[in-house]
Amino acid sequence: MRLSKLFGKTLRQTPAEAENISHQLLLKAGMIHQLAAGIYSYLPLGWRALRKIENIIRQEMDAIGGQELMMPVLQPLEIWTETERDLAFGKSLFTLSDRRDRRLVLAPTHEEVITELVRRNVQSYRDLPLLLYQIQVKFRDEPRPRGGLLRVREFGMKDLYSFDADEEALDVTYRKVIQAYQRIYERCGLPSMVVEADSGAIGGKESHEFMVVTESGEDQVIYCSKCDYSANVEKAESVKLPGEEEEPLPMEEVATPGMKTIEEVAGFLGIPKQKTVKAVFYVADGEMVFVAIRGDLEVNEVKLKNALQCHELRLASDEEVKEAGLVAGSASPIGIKGMKRVADPSITLGTNLVAGANKPDAHFKNVNYPRDFEVDLLADIAIAQAGEGCPRCGSTLLSARGIEVGHVFKLGTFFSEKLGATYVNQSGVERPIYMGCYGIGIGRMLAAAIEQNHDEKGIIWPIPIAPYQVHLCPLSMDNQEVASNAETLYLRLQEEGLEVLFDDRPESPGVKLNDADLLGMPLRVVISPRTLSTSSVELKGRRDKEATLAPLEGVEKRLKSLFAP
RNA sequence: CGGGGCGUGGCGCAGUUUGGUUAGCGCGCAGCGUUCGGGACGCUGAGGUCGGAGGUUCAAAUCCUCUCGCCCCGACCA
């Protein structure tokens, strides 16, 4: 490709809207263009890189027996109400009406459609196992798109669905896909980490995410310093630091004038935070919920949502708390009624805790569960923190930030039972199909690859996903000898099957070299009066500090072997 | 949705507080010339409904009202 003809210009200044490195570099390099919040065009260079990622994914999917197909983006709303996933997705579901006022959705994922499709085509155990995938655009009306391609409303996704006869077979498939995913990330130059995850709106039992560890990541990962336990913080469990065990004392009221927060109360009474009980109020699907947790811990809203099995969860407003007859700052689990009560097991660690008295300026001390109060549900709803104990081996937990570039779920029979996708087993008995689903965000991978591979000058493409392999950069194009040698070298490199970006623009050397760094192709080939004086060209890997000279004669063979698979 | 910020040629900005000539500057773009190994220089030139609507005024980028959009921080996800 001739740079003089390439659609998409490099910018000298980074557009102000970009905050993330990947977003800045993609814009600056002219690889993407924003149309609206979370909606982007891919320009030719960006699109080439994206297609390379797609093809690597295709190869690995095909290698484990996946068959590619294509399903509709536009779907009737009914198939979503049937599984109640319209509620699970809520406002993230893009909906529209056709001319006859039939309600349609722009698909955010395809479990319903594929299940319906497979139901019609699978009858026997002989048809299983089955792996079907597509690479397609998905729509999700995210509350807040951000970070360029990191979080968008229209995005390319590879979604694979697996169909097995039973749980054991699903387990085998699930592990196989995880390994394929690991190969994909590795091939794309993205070191990834598999972590346990919450299954969210997709549903299902077991779930794992693939994280690219980087500071700009939106997710927090908790992992063990010793064993291989790792989980998204949404899901992560931990062994909490124990509280002091002492003889339970009779409960009594203490004055805590003006003390509202846990810090204030603990400080005022001269006790550690873990000797207090924190009370928090949520509204779950319109119902007020009381939540108690040890004072030094925070509520994990994902866990709470799962424990309550609700669709919508938010903190209660001050007014709602007041209306319920509670005193914020001194709210108490003792004597609470008229609403669901949930507590984290951490309140059972230690004795003689301090809790609110449900009146201003007062708390109870020597509160003990279950002697002094009861709850309807005792469930792990705490955020795991670095420094706490690993749930597997007890060693210290650590934390890191990551970008979620893939997510896999064991769905089990959730969809097949609801939609009647069954098969007849060897004994002639009808059984539900065991399903799994597996997604990779492709644009997100592209962004993550840049987050992970760049320097102050620009992008450093991992070879397998670089838009072009070679950046041919003649300096002084008005020099006849340079121009003609560059032109023939361009042809010779292409004849060897190399992908070449040819900077044939009559720009000054500074501009061309800086653009080469910004665009980030793996190998730069400079040809100039200087190199021609010794009948050579200059080679420099994008990551290398120094360039080397190589004879012009036969350089195309040499480069071909460099990029040999 | 809550909090913060911002909308002025393709990009980055100034001008808005305190209304007042043909709305500026840098980059980029076009033409000509000189340059040519890390974002060169000179000359000439094109390009703007100041996000939109309404209002106040002799006069609005600037003041008022409404509205749309974008970014960042939080609750959601590949």
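Excluded from the calculations below are hydrogen atoms, water molecules and symmetry mates; all remaining heavy atoms, backbone and side chain alike, are included. Naming: A, B, ... by sequence-line order, numbering from 1 per chain. Predicted model only: the values in this text are computed from it and were never measured.
With both pairing distances under 3.5 Å, B/rC63 is matched to B/rG55 as a Watson-Crick or G-U wobble pair. For B/rC32, the paired base is B/rG42 (Watson-Crick or G-U wobble, both distances below 3.5 Å). With both pairing distances under 3.5 Å, B/rU18 is matched to nothing as a Watson-Crick or G-U wobble pair. Pairing partner, B/rG12: B/rC25, with both Watson-Crick or wobble hydrogen-bond distances short of 3.5 Å. Of the nucleotides present, B/rG69 is the one that pairs with B/rC6 by Watson-Crick or G-U wobble criteria, both distances under 3.5 Å. Partner assigned to B/rC1 is B/rG74, using Watson-Crick or G-U wobble distances below 3.5 angstrom.
Computed from coordinates, the A/E209 CD to B/rC76 P distance equals 13 Å when rounded to whole Å. Residue A/N514 contributes atom CG, which lies 16 Å from atom P of B/rC27 at whole-angstrom precision. One can place CD of A/Q34 at 15 Å from C1' of B/rG10, the figure rounded to the nearest angstrom. Look at CD on A/E19: it is 17 Å from P on B/rC70, rounded to the nearest Å.
Residue A/P143 is classed as a base contact, given a heavy-atom separation below 4.0 Å to a base. In this structure, A/K457 reaches the bases: a heavy-atom distance under 4.0 Å links it to at least one base atom across the strands shown. Using a 4.0 Å heavy-atom cutoff across all strands shown, A/E538 reaches at least one base atom of the nucleic acid. A/G441 comes within 4.0 angstrom of a nucleotide base, judged by non-hydrogen atoms across all strands. A/V511 comes within 4.0 angstrom of a nucleotide base, judged by non-hydrogen atoms across all strands. Using a 4.0 Å heavy-atom cutoff across all strands shown, A/D478 reaches at least one base atom of the nucleic acid. Note on A/I440: nothing from the nucleic acid sits closer than 4.0 angstrom, heavy atoms only. Note on A/G147: only backbone sugar-phosphate atoms sit closer than 4.0 angstrom, heavy atoms only; bases stay farther off. Counting non-hydrogen atoms under 4.0 angstrom, A/R444 reaches a base of the nucleic acid. Heavy atoms of A/A36 sit under 4.0 angstrom from primed sugar atoms or phosphate atoms, though from no base atom. Note on A/R524: a base of the nucleic acid sits closer than 4.0 angstrom, heavy atoms only. Across all strands, A/E404 comes closer than 4.0 Å to base atoms (heavy-atom distances).
When each of B/rC72, B/rG12, B/rC77 is scored by its nearest atom to the side-chain atoms of A/E17, the top-ranked nucleotide is B/rG12. Taking only side-chain atoms of A/P509, from C-beta outward, the nucleotide of B/rA78, B/rG37, B/rC72 with the closest atom is B/rG37. The side chain of A/A37 lies closest to B/rC70 when the candidates are B/rC13, B/rC70, B/rC76. Of the candidate nucleotides B/rC11, B/rG12, B/rG37, B/rC11 has the atom lying nearest to any side-chain atom of A/L11.
Considering only residues two or more places apart in sequence or on other chains, A/P529 meets the side-chain contact (heavy atoms from CB on, under 4.5 Å) condition with A/S476, A/N479, A/V482.
Looking only at distances, no side-chain donor or acceptor of A/S4 sits under 3.5 Å from a matching main-chain atom of A/R505. No donor-acceptor distance shorter than 3.5 angstrom exists from the side chain of A/K410 to the backbone of A/Y174, with no hydrogens or angles considered.
Looking only at side-chain heavy atoms (C-beta outward), A/E215 and A/E451 stay at 4.5 Å or farther from each other.
Taking the P atoms as reference points, B/rG52 lies 23 Å from B/rG5, given to the whole Å. The same atom, P, is picked in B/rG31 and in B/rC68; the two are 44 Å apart, to the nearest Å. Going from the P atom of B/rU17 to that of B/rU65 covers 15 Å, rounded to whole Å. Annotation: B/rG15 and B/rU62 have their C1' atoms spaced 9 Å apart (nearest Å). On the P atoms, B/rA78 is 31 Å away from B/rG4, given to the nearest whole Å. Across B/rG7 and B/rU49, the matching C1' atoms stand 15 Å from one another, rounded to whole Å. For B/rC50 and B/rG24, the P atoms lie 14 Å apart once the distance is rounded to whole Å. A distance of about 7 Å separates the C1' atoms of B/rU35 and B/rA40, rounded to the whole Å.
No donor-acceptor contact under 3.5 Å links the side chain of A/R140 to the base of B/rC76. The base of B/rC77 sits within donor-acceptor range of the side chain of A/R151, with an N or O pair under 3.5 Å.
A side-chain donor from one of A/N453 and A/R543 sits under 3.5 Å from a side-chain acceptor of the other. Residues A/Y181 and A/K158 have side chains that bring a donor and an acceptor to within less than 3.5 angstrom of each other.
The shortest distance between the side-chain N/O atoms of A/S508 and the OP1/OP2 oxygens of B/rA40 is below 4.0 Å. Considering only side-chain N and O atoms, A/Q13 lies nowhere under 4.0 angstrom from the phosphate OP1 or OP2 of B/rG10. Contact annotation: A/R146 side-chain N/O to B/rC77 OP1/OP2 distance is not under 4.0 Å. A/R144 has a side-chain polar atom (N or O) that falls below the 4.0 Å cut-off from OP1 or OP2 of B/rC73.
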Worksheet entry | Audit row: A/R524, A/E538, salt bridge (Lys or Arg N to Asp or Glu O under 4.0 Å) steps and yes/no | CA-CA 8 Å; A/R524 189 184 78 188; A/E538 179 194 278; 3.1 Å; yes

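Summary of the strand contacts: A/D515 and A/G406 both lie near RNA chain B, and taking for each the nucleotide with the nearest heavy atom, the more 5' one is attributed to A/D515. Heavy-atom nearest nucleotides on RNA chain B were determined for A/G38 and for A/L518, and the one closer to the 5' end corresponds to A/L518.
A ring-centre distance under 6.0 Å is found for A/F281 and A/F290.
Around the CZ atom of A/R558, the shell of radius 6.0 Å holds no more than 12 heavy atoms that belong to other residues, nucleotides or ligands.
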